[in-house]
Amino acid sequence: MTEGCAVASVLGMLEEREAAARVRVEGLREEVARLAEVLEAAEIELDRRVIAR
């Protein structure tokens with residue numbers, strides 16, 4: 001019976017790590033989207049400055 005508990009414990013640990021990894025990935029996706037917007041705005045500003053020159 002202790003072997004079953006050990007397997008359940010390992011599976012629980014793996015599920016916790018997977019959940020944490022999913023949260024991390026989602027946070028990084030949100031950050032990438034935000035940075036893409038910042039980059040786009042900076043590129044537009046650069047283009048305008050090049051045109052103005």
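Nothing here was measured: the structure is a model prediction, and the numbers come from that model.
Applying the salt bridge (charged side-chain N to carboxylate O under 4.0 Å, His left out) rule to Glu18 yields the partners Arg22; only residues at least two apart in sequence or on another chain are considered.
Screening residues 41-53 for salt bridge (Lys or Arg N to Asp or Glu O under 4.0 Å), with sequence neighbours left out, gives Glu45-Arg49.
The environment of Glu26 atom CD is dense: over 12 non-hydrogen atoms of other residues, nucleotides or ligands sit within 6.0 angstrom.
Residue Val38 is found outside any hydrophobic cluster, as its side-chain heavy atoms come under 4.5 Å of no other Ile, Leu, Val, Met, Phe, Trp or Tyr.
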Can you check side chain to side chain contact (heavy atoms under 4.5 Å, CB included) on Val7 and Leu11, steps first, answer last? CA-CA 6 Å; Val7 170; Leu11 288 176; 4.0 Å; yes
